[in-house]
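Input: a single structure, listed below in structure tokens.
If you're wondering where the values come from, they're calculated on a predicted model, not measured in any experiment.
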Amino acid sequence: VKATAGRPTTHFERPEGIRFIKVTKKSGKLPSEHTPDEDVITDIFANFSVPRDLDDSYEEVEIDRVSGKLATEFTPPEAREEKGFFRHQELIDDPNWTEGIAKWIKENPQNEERPKEYDDVHTAETAALKPEIRIISPVAESLVSPPYIGVVTDIESVRPITKVEYYWDDKLVETASTAPYRTRFKLLERTHKLGSTHTLKAIVFDELFYSDQASIKVEIGKDTLPPQVRFTTPELGQSFTAGEFITSQVEAYDPNGDV
């Protein structure tokens, strides 16, 4: 600094009773659980002026992730998120002041405003059309052989599917996000004894976060059953012309796992 150039360095002793406290920069109060991290600063206070009140300039509301509006009783749990919004408060009860502040906020947005409308994407009608899922392989009460467990599901949905989560004894082991949403995961053989029973669960989610789940019990054992195969194309009894190209398609699965 030019003003002190050439002068000897003097050590400044910090006065007693000075404290460094984290506060909310918009209110000057102590941060609350709703105060965003980016709005928390460290300020200097004397002992007698340390703030004691918690910040109340933010409110936490439940928002629907799809519509961006306030959640309702029809909003699925997976579509809900807690979000903090700054409370814009009027300082002076004067129409001219209020209009000026409102105009400035509009032209200089400081914070995202709290939505006033309610979720209109999730309704009783859309909830009635949630996806459905069932586990077709392995079948319930069947034997599965580690280390690899394959799972095939059958899904029905009027809306696009975003993912299927697979759980083994309530622990998430795999997430399938592309059709046909099958999975194959590995188990540690030393932790799964022969004859032990386990729960396999699959949860499907559509683009509106509606979900359905299916679960079965399986037993650790030696798989001795062969896989099953059936033709889906051509159909039984279908006729063809000589020289015609024939396209065939089969569906194969193993009652005790995937093929």
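Scored by the salt bridge (Lys or Arg N to Asp or Glu O under 4.0 Å) test, Glu62 finds Arg80 as partners (sequence neighbours excluded). The side-chain hydrogen bond (donor to acceptor under 3.5 Å, both in side chains) test applied to Lys22 returns no partner, not counting sequence neighbours. Under the rule for a side chain to side chain contact (heavy atoms under 4.5 Å, CB included), the partners of Pro51 that lie at least two apart in sequence or sit in another chain are Val23, Leu30, Phe45. Legend: residues meeting salt bridge (Lys or Arg N to Asp or Glu O under 4.0 Å) with Asp120, ordered by chain and number and at least two apart, are Lys69. For Ser27, the side-chain hydrogen bond (donor to acceptor under 3.5 Å, both in side chains) partners are Asp55, not counting sequence neighbours. For Glu174, there are no salt bridge (Lys or Arg N to Asp or Glu O under 4.0 Å) partners at least two apart in sequence or on another chain. Remark: Asp154 pairs with Arg134 by the salt bridge (Lys or Arg N to Asp or Glu O under 4.0 Å) rule, at least two apart or across chains. In this view, Arg159 and Asp206 satisfy the side-chain hydrogen bond (donor to acceptor under 3.5 Å, both in side chains) rule, not counting sequence neighbours.
The hydrophobic cluster around Ile18 extends to Phe20, Ile44, counting ILVMFWY residues whose side-chain heavy atoms fall within less than 4.5 Å of a member. Chaining together hydrophobic side chains whose heavy atoms lie under 4.5 Å apart places Phe205 alongside Tyr167, Leu172, Ile203.
Listed by first and then second residue, the side-chain hydrogen bond (donor to acceptor under 3.5 Å, both in side chains) pairs that reach into residues 209-220 are Thr126-Tyr210, Thr199-Lys217, sequence neighbours excluded.
Here the CD-OG1 distance, from Glu207 to Thr162, works out to 8.5 Å after rounding to the nearest 0.5 Å. Here CD1 of Ile149 is found 8.0 Å from NE2 of His192. Values are rounded to the nearest 0.5 Å. Interatomic distance, Thr75 OG1 to Arg65 CZ, rounded to the nearest 0.5 Å: 12.0 Å. With values rounded to the nearest 0.5 angstrom, Asp53 atom CG is found 11.5 Å from Thr24 atom OG1. Annotation: the span from Lys222 atom NZ to Leu143 atom CG amounts to 11.0 Å, rounded to 0.5 Å. To the nearest 0.5 Å, atom NZ of residue Lys163 and atom CD of residue Glu78 are 8.0 Å apart.
With hydrophobic clusters built from ILVMFWY side chains whose heavy atoms lie under 4.5 angstrom apart, Leu194 shares a cluster with Val218. Put simply, Ile216 and Tyr166 are part of the same group of oily side chains (I, L, V, M, F, W, Y) that touch within less than 4.5 Å, one to the next. Note: the hydrophobic cluster containing Leu54 does not contain Val40 (ILVMFWY, side chain heavy atoms under 4.5 Å, direct or indirect links). Leu208 and Leu70 fall into different hydrophobic clusters, defined by Ile, Leu, Val, Met, Phe, Trp and Tyr side-chain heavy atoms under 4.5 Å apart, directly or through other members. In this structure, Phe185 is a member of the same hydrophobic cluster as Val164, with clusters built from ILVMFWY side-chain heavy atoms closer than 4.5 Å.
Residue Tyr118 places its OH atom among 12 or fewer non-hydrogen atoms of other residues, nucleotides or ligands, all under 6.0 Å distant. Annotation: Glu82, atom CD; neighbour count of heavy atoms from other residues, nucleotides and ligands within 6.0 Å is above 12. Open room surrounds CG on Asp170; 12 or fewer heavy atoms of other groups in view lie less than 6.0 Å from it.
Judged purely by atom type and a 3.5 angstrom limit, His122 has no side-chain atom pairing as donor or acceptor with the backbone of Thr72. In terms of modelled atom types and a separation under 3.5 Å, the side chain of Tyr181 and the main chain of Ile155 share no donor-acceptor contact.
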Less than 3.5 Å apart, which donor and acceptor atoms pair up between the side chains of residues 233-243 and the rest of the protein, not counting sequence neighbours?
residue: Gln238; atom: OE1; partner: Glu235; partner atom: N; Å: 3.0

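For the pair Ser67 and Asp119, the tightest heavy-atom approach, listed with the atom from each and the gap, is OG-OD1, 3.5 Å. In terms of heavy atoms, Ile135 sits closest to Pro138 at CG2-O, 3.5 Å.
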